[in-house]
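Have a look at the structure below, then the notes.
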Amino acid sequence: MAFLTLTNIQKSFGLVQVVHNFNMGIEKGEFVSFLGPSGCGKTTILRMIAGFETPSGGSVVINGKDQGALKPNQRNIGMVFQAYALFPNMNVHDNVAFGLKVAGASKTDIDIRVKQMLGLIKLEHLADRFPYQLSGGQQQRVALARALAVKPQVLLLDEPLSALDAKIRISLREEIRQIQQQLGITTVFVTHDQEEALSISDRIVVMNAGRADQIGTPFEIYNTPATRFVASFVGTLNIIEGKVADPATGAVTIGGQRIALKEPIAGLKGGDSISLALRPEAASIAEGSKGDTSLPGEVVSTSFLGSVIRTKLRVGDDVISFDMFNDPGITPPVAGENVSLRFAAKDLLVIRE
Amino acid sequence: MKAQRLGAWIAIAIGASYFIIPLLGTLEFSLRMRRGAYSFDAYESVFADLQFRETFGYSMLMAVLTIAFGMLLVVPTAYWVRLRLPQVRPIVEFVTLLPLVIPAIVIVFGYLRLYNSSSILPLTGSTSGTNALLMFSYMTLSLPYMYRAVDTAMRAIDVRTLTEAAESLGAKWPTILFRCIFPNVMSGVLSGAFITFAIVMGEFTMAALLNRPAFGPYLQLVGANKAYEPSALAVIAFAITWLSMGLIQLVSRFQKSASPKA
Amino acid sequence: MTTTTATAPLINKRAVIDWLGIAPFAIFALMFLIVPTLYLVTGAFLTPEGTFTFKNLADLFTPTILSAYWISIRVSVASSLGGALIGFFLAWAIVLGGVPNWIRSGLLTFSGVASNFAGVPLAFAFLSTLGRTGLVTVFLRDWFGFNLYGTGFNLLSFFGLTITYMYFQIPLMVLILTPALDGLKKEWREAAEILGASTWQYWRMVALPILWPSLLGTTLLLFANAFGAIATAYALTGSSLNIVPILLYAQIRGDVLHNPNLGYALALGMIVITGISNILYIWLRMRAERWQK
């Protein structure tokens with residue numbers, strides 16, 4: 001059995017069900033991210049693990065022990081909040097010491113542990129400062145030290161980076177990951193930022209409207225999104241709409257052109273709409289680029305988005321939008337130009353709605 | 001969680017009964033004048049009293065004058081301090097809070113000594129002089145509330161930008177002040193006005209010691225000499241306070257809906 | 001403030017106009033607030049003939065005046081502590097007690113009214129309620145055979161005055177403390193809880209230390225508020241209760257102390273007491289705001 005097991009978790013607020021039948025096992029030392037837009041239920045699951053919300057159904061088991069009857073202050077869980085939530089009346093030392101103090105640890109033990117924790121987040125020199133004298137990044141590191149000081153069995157991070165500047169966000173997430181691996185602590189991280197989730201997680205849960213659309217490693221989530229929602233929320237994948245021509249052979253039509261996929265299509269019949277994903281790096285409009293398939297079309301518009309160039313292309317009666325990687329060597333297409341989109345049919349990925 | 005909610009309800013219940021019972025008591029008492037039956041006799045007696053009408057009218061007039069002159073003093077000052085003299089703001093704010101620190105009875109004591117009939121400015125020597133002094137004393141009493149109300153309203157509208165816009169269109173100072181600033185801080189002015197009204201209508205110390213026929217001393221006089229009329233008057237006074245505060249709520253709510261947050 | 005205008009000929013014209021702009025306010029404040037007060041303060045240190053003396057202040061330490069100050073302070077302390085305590089629980093109930101929203105807005109609106117409902121009418125209200133023929137007195141007598149006045153209770157006493165003053169003290173506390181309680185972030189409580197703290201530990205180690213300046217400061221404000229109040233007490237007790245404002249009132253009307261300058265000293269004593277509590281209030285408020293960021 002996994003270290004942290006969530007079984008058939010449900011949660012309703014009044015008539016609104018925000019979490020539907022959620023199941024997952026998290027291994028000891030694993031870093032799992034819950035990723036999704038706001039209101040998808042990810043924070044609610046985190047708060048049910050912490051004990052701030054009571055599940056309407058299902059169970060939370062940590063290290064073999066059912067947490068249902070335990071209050072938050074009996075669960076030995078560490079938590080870091082989005083809005084820092086440091087105690088404003090205490091300095092950094094006392095904030096980190098709080099959990100140890102309420103547990104009744106001796107003063108010498110507290111001092112040793114606090115020193116160790118401040119060393120971990122490299123803020124020993126700020127022990128006497130008050131929260132209002134610290135930057136947001138410093139405050140959040142102190143909050144992390146405070147959560148870890150009590151040696152929790154699980155660490156919960158509730159969008160801890162959302163309130164910070166872009167640069168601090170990246171450096172702090174690397175720091176969090178490094179500390180997590182150093183301590184080997186089981187961690188659940190909630191975020192709406194896919195880049196954040198992809199960069200520090202062992203596994204990602206993509207949440208959509210109270211359900212897990214996909215659970216997998218960052219590699220799986222990015223490269224083989226299970227649903228259209230996952231593909232659009234996580235990736236920069238191009239979604240191309242087509243119609244099923246022959247499910248048995250895996251033939252589809254895109255913009256009136258017949259293309260053979262690498263495998264048969266299950267669950268759909270001829271004439272159904274189908275969404276296909278194509279990674280940007282697998283497609284090109286450059287002359288002479290490789291690929292067994294080519295879709296001729298007319299450029300409707302292009303927009304420059306930094307790392308990618310987004311082009312809308314009219315193919316037959318459909319307009320498909322696709323991103324290609326920016327490269328100083330390429331000539332961006334202009335509206336009205338006739339081009340061909342080339343790719344290998346085997347790179348097309350069928351995604352569920 | 002349950003115990004907490006129960007505790008909250010108990011606190012509310014105790015608080016509410018402490019607040020409501022005296023009001024009920026007053027109302028009940030004011031209806032008891034006729035033996036054996038509830039009646040409005042006490043109210044009739046109050047309204048029939050010539051002195052009631054005179055003192056009530058006098059205090060109303062005083063309230064109106066206090067509000068008018070108070071606003072003429074407070075609005076330009078608050079405006080000027082925001083616009084040109086931000087460095088004296090702490091001092092001005094401190095001075096406006098002084099009437100909360102110095103008890104009213106002390107202030108009026110000072111007036112009586114400073115402006116007596118043998119001083120250089122013998123305000124208390126004549127009726128009109130004493131009336132003026134009473135009005136000034138009311139302005140002093142209401143200063144903390146008026147200044148705060150107006151200043152808060154000014155903070156909300158960014159007077160500097162408004163003034164510069166008016167100036168760039170060629171407006172002169174009086175136009176700016178009366179056509180641009182006053183209307184825009186109207187909610188503050190009105191809040192300040194209503195609270196001033198409530199204060200002046202019930203004020204006792206100043207008027208009693210300056211010997212003016214105001215509503216407050218009249219209330220005290222009735223209280224010392226009659227049985228049921230005081231309760232009727234307390235109900236009336238409470239209604240006046242409710243009305244003033246209710247109007248403040250209304251005005252501030254109106255202001256909130258009129259200026260959506262950017 | 002106005003002195004700058006006169007003594008600074010080198011300052012340019014614009015600066016002069018700037019300072020002239022607040023001249024009306026400065027003159028008003030001087031004439032009707034500052035000079036009258038200073039007049040009394042200096043008068044407290046002068047003999048009727050105008051020579052410097054500490055005798056007036058020394059004379060404050062006579063039994064009548066001392067007992068007046070003592071009763072005043074007791075009433076003010078009792079009504080401010082009582083008001084603060086009950087006001088705190090009411091504010092707590094509407095902010096954190098999970099009661100419906102209409103109760104919250106109802107109580108706040110009522111507090112706005114009641115905190116301004118002081119003076120003579122308030123005395124009438126309590127006379128009609130707890131006086132010898134008041135509603136509650138009669139109700140207790142007729143329904144429970146309980147004679148309130150038989151227990152030694154008297155509205156025209158220290159206890160009666162304290163209960164009456166609390167009618168405007170409690171609402172004032174509610175009005176000032178509600179925003180402070182609103183400022184307690186939910187995350188502080190949750191952070192304390194998840195770190196293992198009990199509700200009591202959270203209140204003792206986090207919430208009360210944060211609220212402490214607001215609580216103490218507001219209590220001081222209530223104290224000053226009660227200490228300077230006269231109308232309610234005068235209408236309630238006439239001159240039978242010997243509190244400082246009533247003594248000063250009698251002195252102003254008829255020089256009952258037979259020394260006008262002793263009256264100034266009496267006034268100075270009031271200013272000092274309300275002044276100290278207000279300065280402490282402002283100082284504590286600034287401390288409290290530091291955490292509100």
Side-chain angles (χ1 to χ4, degrees), chain B residues 4-5 7-9 11-12 15 19 21-26 28-30 73 77 80-81 84-85 88 91-92 95 98-107 109-114 136-137 140 195 198-199 202-205 209 216 219-220 223-224 230-231 233-234 237-238 241-242 245 249, chain C residues 1 18-19 21-22 24-25 28-29 32-33 35-37 39-40 43 86 89-90 92-93 96-99 103 107 109-110 112-114 116-117 119-121 123-129 134-136 167 170 224 227-228 230-231 234-235 238 245 248-249 252-253 263 267 270-271 274-275 278:
Chain B
Q4 191 178 333
R5 187 163 302 187
W9 279 108
I12 297 278
F19 286 133
I21 289 174
L23 298 181
L24 285 179
T26 317
E28 197 263 353
F29 205 86
S30 73
L73 179 72
T77 303
W80 201 251
V81 167
R84 305 291 280 271
L85 289 170
V88 301
I91 303 171
V92 171
V95 170
L98 275 181
L100 293 180
V101 181
I102 308 169
I105 187 163
V106 171
I107 295 175
F109 190 18
Y111 290 175
L112 287 169
R113 290 291 174 270
L114 205 58
F136 285 128
S137 76
T140 311
I195 196 156
I199 291 170
E203 206 285 328
F204 166 74
T205 321
L209 286 172
L219 288 176
Q220 194 272 327
S231 308
L233 284 168
F238 192 76
T241 318
W242 256 115
M245 297 302 133
Q249 296 260 327
Chain C
M1 278 174 283
D18 278 357
W19 288 99
I22 60 158
F25 176 79
F28 176 85
F32 297 106
L33 194 54
V35 176
T37 311
Y39 185 86
L40 296 182
I86 300 175
F89 278 112
L90 282 178
W92 167 82
L96 301 165
V99 297
I103 291 207
L107 184 66
T109 310
F110 180 84
V113 178
N116 283 294
F117 185 61
V120 182
F124 294 165
F126 271 82
L127 279 172
S128 346
T129 308
L135 182 71
V136 170
Y167 202 83
I170 295 172
F227 194 83
I230 167 169
Y234 190 75
L248 184 58
Y249 185 82
I252 297 169
R253 293 223 110 163
M270 288 186 77
I271 298 172
T274 56
N278 273 285

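All chains are named by letter (A, B, ...) in the order of the sequence lines, taking the proteins before the strands, and each is independently numbered beginning at 1.
In this pair, C:F32 and B:Y111 present their aromatic rings perpendicular. The plane angle is above 60°, beyond the 30 to 60° band.
In this structure, C:F126 and B:P22 approach most closely via the heavy-atom pair CZ-CG, 3.8 Å. Taking both residues in full, the closest heavy atoms of C:S128 and B:S231 are given as OG-OG, 3.2 Å, listed atom of the first, atom of the second, then distance. In this structure, B:V95 and C:A29 approach most closely via the heavy-atom pair CG1-CB, 3.7 Å. The two atoms that bring C:A93 and B:A11 nearest to each other are CB-CB, 4.1 Å, heavy atoms only. Looking at every heavy atom in both residues, C:A267 comes nearest to B:F109 through CB-CD2, 4.1 Å. Across all their heavy atoms, C:Y39 and B:L114 have their closest contact at CD1-CD1, 3.5 Å.
In this structure, CD1 in C:I252 is found 7.5 Å from CZ in B:R113, a value given to the nearest 0.5 Å. Distance check, rounded to the nearest 0.5 Å: CD1 of C:I230 to OG1 of B:T205 gives 5.0 Å. Taking CE of C:M270 as the reference point, atom CD1 of B:I102 lies at 11.5 Å (rounded to 0.5 Å). Remark: B:F136 CZ to C:L33 CG distance equals 13.5 Å, nearest 0.5 Å.
Contact of B:I21 with chain C is made through backbone and side chain together, with heavy-atom distances under 4.5 Å. For a residue to count as touching a neighbouring chain, one of its non-hydrogen atoms must lie under 4.5 Å from one of that chain's; by this rule C:L40 touches chain B with the side chain only. With a 4.5 Å cut-off on non-hydrogen atoms, B:L73 touches chain C through its side chain but not through its backbone. When heavy atoms are compared at a cutoff of 4.5 Å, C:T37 approaches chain B solely by way of its side chain, counted from C-beta outward. Contact annotation for B:A237: both backbone and side-chain heavy atoms come within less than 4.5 Å of a heavy atom of chain C. Heavy-atom distances place no part of C:F227 under 4.5 Å from chain B, backbone and side chain included. At a 4.5 Å heavy-atom cutoff, the contact between B:I105 and chain C is made by backbone and side-chain atoms alike. Proximity to chain C is limited to the backbone of B:L100, based on heavy atoms less than 4.5 angstrom apart. Contacts between B:E28 and chain C at a heavy-atom distance below 4.5 Å involve the side chain alone, from C-beta outward. For C:A224, no part lies under 4.5 angstrom from a heavy atom of chain B. Using a 4.5 Å cut-off between heavy atoms, C:F28 contacts chain B through its side chain alone, with no backbone atom that close.
C:L135 is not listed as a side-chain neighbour of B:F29, based on a closest heavy-atom distance of 4.5 Å or more. For the pair C:L127 and B:P230, the minimum side-chain heavy-atom distance is 4.5 Å or more. At a threshold of 4.5 Å between non-hydrogen side-chain atoms, the residues C:L107 and B:F19 count as touching.
Per-residue heavy-atom pair counts under 4.5 Å with chain C were compared for B:L24, B:L209, B:I107, and the maximum is reached by B:L209. For the options B:T26, B:I195, B:L23, heavy-atom pairs under 4.5 Å to chain C are most numerous at B:T26. Interface remark: of the candidates C:V120, C:V35, C:I86, C:V120 forms the most heavy-atom pairs closer than 4.5 Å to chain B. Counting heavy-atom pairs under 4.5 Å between each of B:L98, B:L233, B:V106 and chain C puts B:V106 at the top. Of the listed residues (C:A235, C:A114, C:G21, C:P245), the one with the most heavy-atom contacts under 4.5 Å to chain B is C:G21.
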message: Set out, in order, the CA-CA distance, both residues' side-chain angles and the distance that settles side chain to side chain contact (heavy atoms under 4.5 Å, CB included) for C:F25 and B:V88, then state yes or no.
response: CA-CA 12 Å; C:F25 176 79; B:V88 301; over 6 Å; no
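The environment of B:F238 atom CZ is dense: over 12 non-hydrogen atoms of other residues, nucleotides or ligands sit within 6.0 angstrom.
Although no hydrogens or angles enter the test, the distance criterion places no donor-acceptor pair under 3.5 Å between the side chain of B:Q4 and the main chain of C:G98. Put simply, the side chain of C:T274 gets close to the backbone of B:V101: a donor and an acceptor are under 3.5 Å apart. At least one donor-acceptor pair closer than 3.5 Å links the side chain of B:W80 to the backbone N or O of C:D18.
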